[in-house]
Participant: 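Take a look at the following structure, please.
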Amino acid sequence: VQLQASGGGLVQPGGSLRLSCTAPGNIFSISAMNWYRQAPGKRRDLVAAVTSSGTTNYTDSVKGRFTLSRDNTKNTVYLQMNSLKPEDSAVYYCNAKGPRRWDIGYVFDYWGQGTQVTVSS
């Protein structure tokens, strides 16, 4: 299963971008949808997450600047990124995690292809 991510690009510091990620309907409805990012030479870190019921969480560095929302009618999540900083530059990856089972962990864990976000003047 491939998630379809889009919306990256080049933006000046202080600017905004919106990332989108679409998943198949049977996956999307039961998934926690997450955005990770990975800068060159660094590990992939979780940026924002939304549960299947709509609860959101953010890493501290993006709180108040990024907003994650999900549209269950379009099987799509949106990451609105405002007040972007150079340190936000990274490849952003969409991720869908299914429910957890006690014996195997997540019943599924799917990734999108990554989209580049570059914040530079």
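Quantities reported herein were computed from a predicted structural model and do not represent experimental measurements.
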Participant: Would you say V117 and M81 make side-chain contact, with heavy atoms under 4.5 Å?
Facilitator: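 Result yes, sub-4.5 Å side-chain heavy-atom pair found.
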
Participant: Can you find a pair of side-chain heavy atoms, one from N72 and one from S29, that are under 4.5 Å apart?
Facilitator: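 When only atoms from C-beta onward are counted, S29 and N72 do not touch, as no gap falls below 4.5 Å.
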
Participant: What's in the same ILVMFWY side-chain cluster as Y36, cut-off under 4.5 Å, chained through other members?
Facilitator: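 Members alongside Y36: L46, V91, Y93, W111.
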
Participant: Could you check whether any side-chain heavy atom of R37 comes within less than 4.5 Å of a side-chain heavy atom of V62, counting everything from C-beta outward?
Facilitator: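 Yes, side chains in contact.
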
Participant: Yes or no on side chain to side chain contact (heavy atoms under 4.5 Å, CB included) for S120 and L10, after CA distance, side-chain angles and deciding distance?
Facilitator: CA-CA 7 Å; S120 175; L10 172 64; 4.2 Å; yes

Participant: State whether the side chain of Q113 and the backbone N or O of A5 hold a donor-acceptor pair below 3.5 Å, judged by distance alone.
Facilitator: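 Looks like yes, one N/O pair under 3.5 Å.
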
Participant: What is the minimum heavy-atom distance between T22 and K74, and which atoms define it?
Facilitator: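 Scanning both residues, the minimum pair turns out to be CG2-O, 4.1 Å.
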
Participant: Over all heavy atoms of both residues, which pair between V77 and R70 is shortest? Give the atoms and the distance, please.
Facilitator: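 In this case the closest contact between V77 and R70 is CG1-CB, 3.6 Å.
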
Participant: Going by heavy atoms in the side chains, are L19 and T115 under 4.5 Å from each other?
Facilitator: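 Counting from C-beta outward, L19 and T115 do come under 4.5 Å.
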
Participant: What are the two closest heavy atoms between A39 and A90, and how far apart are they?
Facilitator: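 Looking at all heavy atoms of both residues, the shortest contact is N-CB, 3.8 Å.
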
Participant: If you take all heavy atoms of L68 and T56, which pair is closest and at what distance?
Facilitator: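 Answer, listing the atom of L68 first, then T56: O-CG2, 3.4 Å.
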
Participant: Which value, rounded to the nearest 0.5 Å, describes the distance between N95 atom CG and S31 atom OG?
Facilitator: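 Reported value, rounded in 0.5 Å steps: 8.5 Å.
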
Participant: Quick one: side chain to side chain donor-acceptor pair (under 3.5 Å) partners of S20, sequence neighbours excluded?
Facilitator: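 Partners of S20 under the side chain to side chain donor-acceptor pair (under 3.5 Å) test: none.
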
Participant: Ignoring hydrogens, what is the shortest heavy-atom contact between N75 and P24? Give both atom names and the distance.
Facilitator: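 Heavy atoms of N75 and P24 come nearest at ND2-C, 4.4 Å.
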
Participant: Verify the cluster assignment for V107 and I30: are they in a single hydrophobic cluster under the rule of side-chain heavy atoms below 4.5 Å apart?
Facilitator: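 V107 clusters together with I30.
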
Participant: The criterion is side chain to side chain donor-acceptor pair (under 3.5 Å); which residues satisfy it with Q80, sequence neighbours excluded?
Facilitator: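 For Q80 the side chain to side chain donor-acceptor pair (under 3.5 Å) partners, ignoring immediate neighbours, are N82.
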
Participant: Test: ring pair (Phe, Tyr, Trp, His ring centres under 6.0 Å). Region: residues 68-92. Which pairs qualify, not counting sequence neighbours?
Facilitator: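 Sorted pair list comes back empty.
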
Participant: To the nearest 0.5 angstrom, please state how far the OG atom of S61 sits from the CD atom of E87.
Facilitator: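 The CD atom of E87 is 8.5 Å from OG of S61, to the nearest 0.5 Å.
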
Participant: To the nearest 0.5 Å, what is the distance between CZ on F28 and OG1 on T73?
Facilitator: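 If we round to the nearest 0.5 Å, F28:CZ and T73:OG1 are 9.0 Å apart.
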
Participant: Please write out which residues are connected to Y106 in a hydrophobic cluster, directly or through intermediates, given that two of Ile, Leu, Val, Met, Phe, Trp, Tyr count as joined at side-chain heavy-atom separations below 4.5 angstrom.
Facilitator: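 Once heavy-atom contacts under 4.5 Å are chained together, Y106 still belongs with nothing else.
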
Participant: Checking R65 against Y58: charged group under 6.0 Å from the ring centre and within 45 degrees of the axis?
Facilitator: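 No; the conditions do not both hold, so R65 does not lie above the ring face of Y58.
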
Participant: Looking at S69, S52, C94, which one forms a side-chain contact (heavy atoms from CB on, under 4.5 Å) with M33?
Facilitator: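 Of the listed residues S69, S52, C94, the side-chain contact (heavy atoms from CB on, under 4.5 Å) partner of M33 is C94.
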
Participant: May I ask you to check whether T51 and S53 show a side-chain donor-acceptor distance below 3.5 Å?
Facilitator: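 On atom types as modelled, these side chains qualify, holding a pair under 3.5 Å.
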
Participant: Looking at every heavy atom in both A96 and L3, which two are closest together, and how far apart are they?
Facilitator: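 Heavy atoms only, the tightest pair is N-CD1, 3.6 Å.
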
Participant: Can you sort out the partners of K63 under side chain to side chain donor-acceptor pair (under 3.5 Å), two or more places apart, ordered by chain and number?
Facilitator: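 K63 satisfies side chain to side chain donor-acceptor pair (under 3.5 Å) with D60 only.
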
